[in-house]
Peer 1: 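Below is one structure. I have some questions about it.
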Amino acid sequence: MLKANHLHFGGDYNPEQWPKEVWAEDIRLMQKAGVNLVSLGIFSWANIERSEGQYDFSWLDEIIEMLHEGGISIDMATATASPPAWLTKKYPEVLPVNFDGVTLVHGGRQAYCAASEVYRTKAAALVEKIAERYAKHPAVVMWHVNNEYGCHAPYCYCDQSKKSFQDWLKKRYASIEDLNSSWGTDFWSQRYYSFDEVPVPSRTPDGTHPNPGQQIDFKRFSSDVTLELFKMERDIIKRYDKVNPVTTNFMSMKFTYAMDYFEWAKEVDFVSTDHYLAQHDPHNYIDLAQQADLTRGFAKGKQWLLMEHSSSAVNWQPRNYAKTPGQEKRNSMSFVARGSQGAMYFQWRQSQAGSERFHSALVPHAGEDTRVYREVSELGALLKAHPDISQYETDRAEIAMVYDYEQFWALMQANMPTEDLSYPETVATWYRSLWESGLRVDFVHPDATAVELSQYKLVLMPMVHMLSDKQEAEFSNYAKQGGNLVVGYFSNISDRTLRVKLGGYGGQLVKELIGVYVEEFYPLRPDQTLKLTNGLEAKLWSELSRLNGAELVASFSGSDVDGSVAIAKRNLGSSTAWYQGTELTLESQKKFFSGIAAELGIKSEGSDHAEVVHRGPYRFEIDHKANTVSITKH
Ligand code: GLA
């Protein structure tokens, strides 16, 4: 739990990149801009442990005192994000090995294998020193473990990883036979007789891919083995500091998927996340809102903080467009409205050298007399003016959408009915269609119980491909007990080991609860659209199906499956369940959802370009066309 009763404002501070003369100037500019928190030491390992076991904390001691005297609090990093060159030179087994068996070298960042024993030992020793030294320092108010775990080498295929994967499988499966039947290894002679025969799913002969169960388990393992690293560091810190909260920054972005943040969020004291815009996308504020809502979903009642975003351009996209005047204020306040305990940035001062020298910062290369510094200073003042926002939670939405990294992992595999399926795109289209209809949404994991789901009038299930029997029963009970449900196509196709549920696709949920019998997939050509019988427009997907108790809303027409069910619904007494057997275009998805919301009396506020979000007594209205932000309190 964060101790502050104000909103946090500041960013990554990397004083080691600058001569000491600049530090005093940094403090002055931080104070002027209203900065109250900096993340310190994230990439400082090489500057702290200059050779094995030789630590130099003098520069860190000095800057910590300066910040403290300047009234600026510290999010203290553990500095383990990038091992120094001496370490990987002496212990090359620390380096990660990629899918093709190539060892990745030092010189970028994050060049370590999460399963490496040497990395663990060396990182633990460093964290011990840092925690021991700074735990009681009054300026330190939170801990920042490592940085963006899994950003650059989330999957390692080295021998140590293979061994750890086998150990992980031993714990997951009751026996090797259990693994064989879950993965279906009688296909292609993949049967294993002992766990130490199981390889990591790296490159296989051309045109073949590793077993689907093996692939998804390796993704689960990779998230778990990395989470172990976090827990190791956290537990060391906790021995020295029982007061300040410990976090690590997630990457809540549409196409980052390697870590299962629903699982990770259970282990942090508060959730922190980073978010960067696809600036070429004129509707990127909708993705931002989605990722903020998703982060609130991981946090599940815990506090959360936007730990890093950019004041203007990033430097890692093909074309790095600057933010337009006023955009940054809209972006930050959208995060705050959705529950963030402030707005933090990468980074305080724009680097003069190194890979990120063209990435924006709070103090740009051009200095203090700049649009960026002026705008962020205005934001600092705005956040300071409303400290009590931090005391409230964002109001619960009436609609919940199911989100799950494991679905992403399942659906990104090869050998699917069509390569055009995209879990993140479908989720984004569903989310955007709600956003543009003024409908707010919370995200929930498929492990949510019927009781938890019952807090929502409507639950949406976009492409929830795998469901365990228990999960299926919870969704079904939610609907039977008065909750309204929309199940999207290609949902509940498999159990959580990717074994297909037989006897009609969509399992009991689609076949029995809603009453649609789906027998065969008919993916569409990439450029093909179909007009459904109710006028809505479909793309990517159709299927051969028939009613099995549901009421037809629309069928496919002009297709190979004319007359098959595109949309159906079932009146369950006090609730309704819908099946959407296709991908709808954005406009059609909007019509479909706003019709349902109107039928269920769900409140809508805002417009297709302005969002209205409530956080306790605060009402935020952010208009992305008029470029205005209004914050009112009642
Ligand atoms: C993330 C990282 C930072 C920096 C930025 C660049 O936030 O944590 O170190 O690389 O991305 O956008």
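In each ligand, atom 1 is the first atom listed, and ligand 1 is the first ligand listed.
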Peer 1: For Gly101, does its backbone N or O pair with a side-chain atom of Asn98 as donor and acceptor, under 3.5 Å?
Peer 2: yes
Peer 1: Here's one to test your reading of the geometry: is the NZ or CZ of Arg349 within 45 degrees of the ring axis of Trp18 and under 6.0 Å from its centre?
Peer 2: yes
Peer 1: Short list, please: which atoms of ligand 1 are under 4.0 Å from a heavy atom of Phe43?
Peer 2: 9 (O)
Peer 1: Is it the case that over 12 heavy atoms from other parts of the model lie below 6.0 angstrom from the CD atom of Glu393?
Peer 2: no
Peer 1: Please say whether Asn147 places an N or O atom under 3.5 Å from an N or O atom belonging to ligand 1.
Peer 2: yes
Peer 1: Within the 4.0 Å heavy-atom shell around Phe346, which atoms of ligand 1 are there?
Peer 2: 3 (C), 4 (C), 5 (C), 6 (C), 9 (O)
Peer 1: Is it the side chain, the backbone, both or neither of His144 that has a heavy atom closer than 4.0 Å to ligand 1?
Peer 2: neither
Peer 1: Among Asp75, Asp241, Asn244, find the residue that satisfies the side-chain hydrogen bond (donor to acceptor under 3.5 Å, both in side chains) test when tested with Trp143.
Peer 2: Asp241
Peer 1: Would you tell me which option among His309, Glu356, Glu308 has the nearest heavy-atom contact to atom 8 (O) of ligand 1?
Peer 2: Glu308
Peer 1: What residue and heavy atom of the protein are closest to atom 5 (C) of ligand 1, and at what distance?
Peer 2: Tyr276 OH, 3.4 Å
Peer 1: Under 4.0 Å from a heavy atom of His359: give me the atoms of ligand 1 that qualify, with their elements.
Peer 2: 6 (C), 12 (O)
Peer 1: Tell me the protein heavy atom at minimum distance from atom 9 (O) of ligand 1, and give that distance in Å.
Peer 2: Arg109 NH1, 2.9 Å
Peer 1: Is it true that Arg440 and Glu611 have a side-chain N and a carboxylate O under 4.0 angstrom from each other?
Peer 2: no
Peer 1: A quick test of your reading: do over 12 heavy atoms of other residues, nucleotides or ligands sit less than 6.0 Å from NZ of Lys231?
Peer 2: yes
